[in-house]
Amino acid sequence: MKLTIDREELLRGLGRIQAVVERRGALPILSNVLIDARSDGLAMSATDLEVGVVSEHAAQVEEVGAITLGARKLHDLVREFEDPEVRIRTEDSARVGIECGSSRIQLLSISPEEYPTLPSAEGVEFVEIEASLLGEMIDATLYAASNDEARYNLNGVYMELSEGKLVLVATNGHRLAKIERTPPAPVSFLEKGITVPRKGVAEIRKLCDETEGSVEIGLGEGFLLVRTDRLVLSCRLIDGDFPDYRQVIPSGHRIRIMVDRERLVHAVRRLSILAHERSGGFKMALEDGSLLLSASNADLGEGNEEIPIDYTGDRFETGFNARYVLDALSSVVAKEIAIELSDDLSAAKLRPADDPDQVGIIMPMRA
Amino acid sequence: MLIFIHVPRFYAAVEQADEPRLRDLPVAVGGDPGKGGSVISASAEAAAAGVDPGMTLADASRVCPGLELRATRLPRYREVSAEIHATLRSVTERMEPRALDGVYIEPPRSSEPIEIAAVVCVRLQAEFSLRAVAGIGPSKFVAWLAACHAGPGGVKQVKPPEVPRFLRDLPVTEIWGLGPATAARLASSGISTMGELRDCPLDELREAVGRQAAPFREFARGEDHEPLRPSTPVKSVSREKTLDEPTGDLRALGEHLLELSGGLEERLNRERRSALTVTLGVRFVDGDDRTRTLTRREAISSQNELHEVALELLGRVGAGERDVRAVRLRAANLTRAGSETAPRQLRLF
């Protein structure tokens with residue numbers, strides 16, 4: 001293999017895969033990037049067997065062939081190169097030479113034959129979806145996914161097509177986030193829902209950011225594939241049942257209040273500093289005309305916040321984890337938030353005042 | 001001040017509590033009557049009919065027709081004892097068990113010991129159907145003696161200035177470690193009460209009882225300097241099982257883990273603890289041991305949650321590859337369940 005590639009192009013490709021390659025190195029080959037020089041350019045692959053990326057890059061290929069190199073070290077080196085062109089060539093079966101300007105570097109390589117095969121996009125039907133729409137839906141849900149390994153079926157974002165709408169849901173068992181949007185084309189392969197792991201969803205989110213216009217999504221054998229014109233991202237699906245989220249979304253409410261989002265965010269943030277370290281809880285009470293928030297900590301002190309609201313009725317008191325409330329508030333951009341409550345042991349529903357299709361559900365804390 | 005909580009005739013009391021029909025009936029707990037077993041514990045009703053611990057069960061049945069005999073169930077008595085300790089721990093962590101039927105507790109400084117003692121007795125009656133007595137005193141010995149003289153369901157407090165008067169007329173045989181032989185020697189010197197022992201010059205006392213003279217006299221004066229040695233709260237709990245037939249079938253292993261999870265749940269509830277860390281250990285048929293641990297962000301204590309984690313660990317331990325002979329589940333990193341200071345997060349699922 002022998003090729004020349006623009007340093008910026010190479011750096012962009014290597015930067016893209018850093019979050020994908022295996023860090024802990026249980027299998028050394030998974031810490032490597034596969035560089036495959038073809039007559040029409042270069043394909044760069046990285047995977048941790050859960051998430052895989054194959055990206056295509058323009059390069060002048062003199063000899064076709066493939067190598068694998070430590071992805072992290074290669075990225076660090078290329079970042080430090082100063083000249084605009086990088087030349088890469090196979091020296092022998094175990095070494096790869098890299099040149100840039102006056103730099104001559106030899107890196108040890110692992111045979112590309114050991115590199116795992118990434119899921120293929122062949123035969124998969126893809127559906128177009130606007131990158132900005134998919135990105136928005138991920139932002140509205142990913143935060144709520146569980147990172148408790150013991151609840152692996154909740155370690156991702158659930159995606160399904162329901163009544164013609166694309167629905168994304170994530171939960172950690174205590175709080176849940178859901179968003180529904182109408183996709184430009186029906187994503188029929190999601191009629192039976194799938195759960196995509198957190199890491200994969202985070203990579204899709206990055207891809208959405210990098211892409212103008214649309215991305216394509218398709219379902220392979222046990223994988224969700226996301227494709228742009230120069231990149232294919234594959235995410236292994238979680239093999240576990242996602243709970244029936246509809247069951248826990250309150251269908252009604254006894255109290256609804258409207259609150260200025262910014263104001264509420266700042267108040268809860270201040271209280272979260274004082275909240276009990278372990279539980280992170282704060283109290284929320286409603287009185288005529290006021291939303292009263294408070295937190296106390298035996299080791300620190302206590303704090304109180306009052307936000308004027310349009311409320312008349314009996315005093316109502318409950319408590320929440322500050323982190324959960326902040327996450328839910330930060331996932332929306334609306335100026336005003338509607339909070340719907342029933343009683344102090346039932347879930348609260350938070351949603352943008354003008355958007356019934358995006359909700360955050362948070363279970364209270366019991367003192 | 002220390003409080004000594006005591007459940008008199010503990011084994012018999014547990015049998016009566018577990019089998020309500022036995023309440024108010026004479027009950028004796030002991031070994032096998034056919035093998036010349038003897039009475040270990042007798043209920044108040046049995047004692048009133050002349051049944052004493054140490055008596056053979058056959059003799060006991062003779063002196064008390066209608067005596068209900070029950071075989072000793074030590075694991076059950078230990079279990080009840082642990083439950084009582086867990087209840088007391090909600091009052092104070094400063095506690096030291098004395099055998100299965102008694103425990104010293106140091107009440108919080110701000111509290112009134114007699115109120116604490118009364119509350120504890122009421123709770124033991126309400127929660128365990130056990131009639132406890134409580135003694136309050138400035139030392140372990142005085143608190144213990146006070147409990148012995150409290151009467152059924154009673155609480156007796158001996159404040160420091162009252163100690164000499166309280167001890168004065170009590171027999172020397174109530175001093176710890178002073179047996180019948182020593183008592184007989186003291187009696188021949190004209191000493192039968194603690195008051196008499198206390199007033200006896202040390203030299204004379206030494207002639208009668210030897211080098212134990214000084215400690216006995218200290219007890220008789222109510223001078224017991226033995227500090228409370230709080231038992232350390234439980235750090236971890238575990239359950240294990242050796243399989244009758246080794247298996248590599250994950251479904252069968254999952255069933256065994258469900259059973260172990262149930263045992264852990266029971267123990268954690270008794271200790272009023274939840275666990276952040278769960279460790280699964282398996283022993284393969286070839287003797288190889290393997291363990292895997294998982295620490296969660298939130299403490300768990302229910303059988304389902306523990307089982308869920310155990311199954312996750314089972315997948316990591318390589319259990320399907322070889323037959324497993326024994327499984328062990330351990331819950332550690334324990335936190336106080338339902339602590340008042342930390343509100344509990346309710347669940348959606």
Side-chain angles (χ1 to χ4, degrees), chain A residues 144 146-155 169-178 239-250 275-284 295-299 318-324 343-349 360-367, chain B residues 108 110 250 254 257-258 260-261 264-265 268 272-280 291-318 320 329-349:
Chain A
S146 170
N147 45 22
D148 183 346
E149 284 181 50
R151 308 198 80 186
Y152 69 97
N153 59 327
L154 306 183
N155 288 174
V169 188
T171 178
N172 68 353
H174 299 147
R175 48 107 178 255
L176 178 146
K178 187 196 81 155
D239 183 15
D241 290 337
F242 197 81
D244 183 3
Y245 66 87
R246 290 179 185 86
Q247 225 178 34
V248 298
I249 297 179
H276 191 274
E277 217 167 87
R278 195 170 180 104
S279 68
F282 73 98
K283 281 186 186 159
M284 189 174 114
S296 66
N297 183 326
D299 300 325
T318 183
F320 294 104
N321 178 317
R323 183 74 262 150
Y324 290 173
D343 60 61
D344 59 347
L345 296 180
S346 303
K349 194 192 247 185
I361 307 293
I362 305 174
M363 279 304 277
M365 302 187 86
R366 191 155 71 174
Chain B
S110 56
L250 292 177
L257 289 177
L258 183 66
L260 295 186
S261 304
L264 280 189
E265 177 192 67
L268 286 169
R272 294 173 196 208
R273 293 287 188 274
S274 298
L276 286 165
T277 300
V278 177
T279 301
L280 170 72
T291 60
R292 289 291 180 273
T293 294
L294 201 145
T295 296
R296 299 178 45 126
R297 291 182 162 212
E298 275 156 39
I300 54 172
S301 62
S302 77
Q303 181 181 21
N304 282 348
E305 289 168 318
L306 291 162
H307 186 227
E308 208 173 291
V309 179
L311 289 181
E312 164 80 15
L313 292 170
L314 187 64
R316 295 196 205 164
V317 86
L329 205 57
R330 178 170 174 267
N333 218 338
L334 304 184
T335 61
R336 195 192 278 263
S339 160
E340 282 175 7
T341 49
R344 195 161 57 90
Q345 173 66 54
L346 301 179
R347 302 179 79 92
L348 283 165
F349 303 108

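Reminder, nothing fancy here: chain letters follow the sequence lines and each chain counts from 1. As the structure is a prediction and not an experimental result, all values here were calculated from the model.
With a threshold of 4.5 angstrom between heavy atoms, A/Leu154 does not approach chain B through any atom at all. Residue contact with chain A, scored on non-hydrogen atoms closer than 4.5 Å, involves the backbone and the side chain of B/Leu346 alike. Contact annotation for A/Asn172: neither backbone nor side-chain heavy atoms come within less than 4.5 Å of a heavy atom of chain B. For a residue to count as touching a neighbouring chain, one of its non-hydrogen atoms must lie under 4.5 Å from one of that chain's; by this rule A/Phe320 does not touch chain B.
Ion pair B/Glu305/B/Arg347 flagged as a salt bridge, since at least one NZ, NE, NH1 or NH2 atom sits closer than 4.0 Å to an Asp/Glu carboxylate oxygen.
Side-chain contact of B/Thr335 with B/Ser274: a donor-acceptor pair under 3.5 Å is absent, judged by distance alone.
When every heavy atom of A/Ala295 is checked against every heavy atom of A/Phe282, the shortest pair comes out as CB-CB, 4.1 Å. Of all heavy-atom pairs spanning B/Leu268 and B/Ala331, the tightest one is CD1-CB, 4.2 Å.
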